Amino acid sequence: MKPARPELDPLYRLWLHPSPGPLPGASPTQIAEAEMESAGRRATLHLDPSHTELGTDGFEIGPGDRVIATTEKGLLSGTYRWLQEEAPRIEVPRVALRMLQHWDDLDGFVERGYAGRSLFDWSTLPDHPDPRLWDYARACASVGINAICPTNVNAAAEVLRPAFLHKAAALADLLRPYGIRLFLTARFSAPMELDGLPTADPLDPEVRAWWTHKLAEIYRRIPDFGGLVVKANSEGQPGPQDYGRTHAEGANLLAEALAPHGGRVLWRAFVYSDQPSTDRAAQAYDEFAPLKDQFLPQVQIQVKYGPIDFQPREPYHPLFGTLAPSQAVMEFQITKEYLGFSSHLAFLASLWREVLAAPLDQGAVSGAVSGIVGVANLGDEPSWCGSLFDQANWFAFGRLSWDPELAPASIAEEWVRLTLGPDPNVAGKVTEMLLRSHEAVVNTMTPLGLAHLMGSGHHYGPAPWADDLPREDWNPTYFHRADREGIGFDRTATGSGQLLQYPPGWQARWSDPATIDLNYLLWFHHLGWDHQLTTGRTVWQELVHRYHWGCREVAAIREIWAGLEPFLPRAVHQPALEKLDIQMEESEWWRDACLAYFGSLCRRAWPEGYPQPKKSLAEYRAIRHEGIAGDPAR
Ligand code: GCW
């Protein structure tokens with residue numbers, strides 16, 4: 001059920017001034033005027049094509065409240081930014097493609113969604129778009145997002161049917177004046193499913209002709225269509241390997257069909273073999289690195305930030321910096337599938353900056369990373385994101401994809417000021433909460449470089465003991481490799497060798513357990529429980545310490561928020577406090593369940609000063625959950 005009047009909820013407004021509402025048919029300049037009108041402030045807008053240094057998306061905010069840009073789209077971006085911060089400056093995006101991808105099924109279910117059902121109600125399109133879509137477009141545009149894909153990468157072939165394209169064209173028309181281009185997901189077997197072709201083999205002439213015609217049809221309806229997003233030969237999706245062809249042959253099939261129209265294909269590199277024999281973290285690199293010279297220029301390879309799967313912390317994916325001359329796009333997950341859904345506070349700019357550091361170090365975000373995409377955390381709940389603090393992640397995603405050098409602290413400060421106001425009693429404290437939050441979540445779930453300890457399938461809650469899934473590399477036990485003697489995944493040269501996929505400088509940083517940043521310790525190394533760390537504790541003691549530290553942090557963050565009650569409207573303060581209460585409970589559950597389990601394996605003395613788990617391991621193992629939000633096995 002859709003909330004009747006979501007706009008009446010105080011969280012609906014996001015970081016923005018009041019909305020001017022739907023503006024069908026308005027030009028970007030008219031939208032900018034309407035936005036200023038509704039904010040009650042006015043700048044003068046100057047379209048000046050001679051300012052080529054601003055590109056098509058950038059702008060200058062000049063003294064005397066002047067916004068200057070070479071395009072209307074640039075003027076609108078500049079207006080939104082001027083409304084956020086008036087100080088004179090020039091802003092030009094560092095990354096060309098800044099895209100939200102929704103994992104929304106056509107029936108409204110949001111895969112890994114924790115904020116209700118899809119914002120895209122296709123039954124009302126093309127004629128009666130939900131007025132909320134204009135507010136969605138302005139929120140995206142206000143943080144520099146310039147592309148969206150509203151359909152799930154686990155794609156339905158129906159997305160490419162004429163009747164659906166007619167609806168999609170209406171959405172593209174609505175988004176266009178906001179400077180946002182529409183992409184769609186393509187199911188690789190669509191020629192067979194939609195038109196009965198006997199094959200989807202990328203080298204088959206009939207298949208090639210099918211895609212050529214399909215793309216021509218799309219561009220007739222949507223002249224500025226962005227392109228296609230494809231998940232192929234990954235987790236059961238069809239793809240070129242079904243016909244003995246490579247990912248490059250598959251991607252190039254679509255690239256050729258898109259080329260005459262100027263579109264692009266975002267081809268995902270989230271692949272792992274059906275018969276796991278090698279380290280799962282190594283597989284995407286093994287598959288894609290040898291193909292790097294074979295992709296057509298219209299292909300952008302979309303790579304998750306880390307080599308496994310959106311874990312609370314991962315080292316950056318070694319495909320970044322490796323794929324040239326092909327282009328890489330970095331994929332973030334704004335929805336917190338592995339970071340506590342919408343009930344935990346985890347400000348993700350901290351995580352994203354960590355994984356952007358390597359490409360930034362190489363001095364070339366635009367070379368190593370030609371685009372940044374984020375899996376949206378949006379749904380039809382009045383708060384859009386499921387909670388106040390998850391709004392900060394949507395904001396941070398936009399800001400960081402515009403400028404990957406921005407410091408998490410400045411993004412946090414900006415969001416807090418725009419969302420909660422400048423009250424000095426509030427601003428600094430909430431900024432501090434955001435900045436401490438990611439590390440807290442990492443430590444309550446997967447400290448010391450552990451990964452993928454979540455409950456199977458729905459990924460809710462801890463299940464480090466789970467070992468019964470059909471694939472070895474879906475099981476937490478595969479990832480942590482703990483037994484009586486030790487814990488961790490040896491990815492060094494003596495182990496899986498995955499570390500050798502990184503450039504020498506990073507190998508040096510991570511190859512020695514004595515010098516590695518402890519945050520990546522058990523990601524790359526398998527160590528005995530009694531191995532001594534630089535902290536003065538053994539591996540076992542450090543694990544206990546970090547789980548407890550994480551929970552203390554969550555408690556401290558909750559306390560800060562509780563203390564802000566007098567300064568914030570109840571309707572804003574109370575729901576967020578309730579979420580923090582859930583986080584507190586779940587963090588303790590995570591800590592105690594994981595320590596009960598690891599403790600049962602290692603059988604070492606319980607470190608002094610740390611309370612033992614509240615329940616027995618058997619009790620934690622007996623906890624079952626069904627009907628969890630966002631679970632595709634619903
Ligand atoms: O993280 C995993 C999710 C799947 C998702 C997949 C992917 C869309 O559990 O739900 O499928 O990643 O990124 O393709």
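Whatever order the structure lists ligands and atoms in, that order sets their numbers, starting from 1. This is a predicted model, so every value here is computed, not measured.
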Geometric N/O contact Glu331 with ligand 1, under 3.5 angstrom: no
Within-cut-off N or O pair, Gln333 and ligand 1, under 3.5 Å: no
Parallel, tilted or perpendicular: ring planes of Phe332 versus Tyr305, cut at 30 and 60 degrees: tilted
side-chain contact (heavy atoms from CB on, under 4.5 Å) involving Pro632 - partner list, sequence neighbours excluded: Glu111, Arg112
Whether Tyr502 and Tyr316 hold their rings parallel, tilted or perpendicular, with breakpoints at 30° and 60°: perpendicular
Plane angle bin for Phe270 and Tyr272 - parallel if under 30°, tilted between 30 and 60°, otherwise perpendicular: perpendicular
Distance from atom 6 (C) of ligand 1 to nearest protein heavy atom, with residue and atom: Glu235 OE1, 3.3 Å
Atoms in ligand 1 with a heavy atom of Glu337 nearer than 4.0 Å: 1 (O), 2 (C), 3 (C), 9 (O)
Glu111-ligand 1 polar pair, N/O distance under 3.5 Å: yes
Whether Trp267 and Phe188 hold their rings parallel, tilted or perpendicular, with breakpoints at 30° and 60°: perpendicular
Heavy atom of the protein closest to atom 12 (O) of ligand 1 (residue, atom name, distance): Lys304 NZ, 3.0 Å
For Glu585, side-chain contact (heavy atoms from CB on, under 4.5 Å) partners two or more places apart: none
Any N or O of Asn152 closer than 3.5 Å to N or O of ligand 1: no
Within-cut-off N or O pair, Arg268 and ligand 1, under 3.5 Å: yes
Closest protein heavy atom (residue, atom, distance) for atom 2 (C) of ligand 1: Asp309 OD2, 3.2 Å
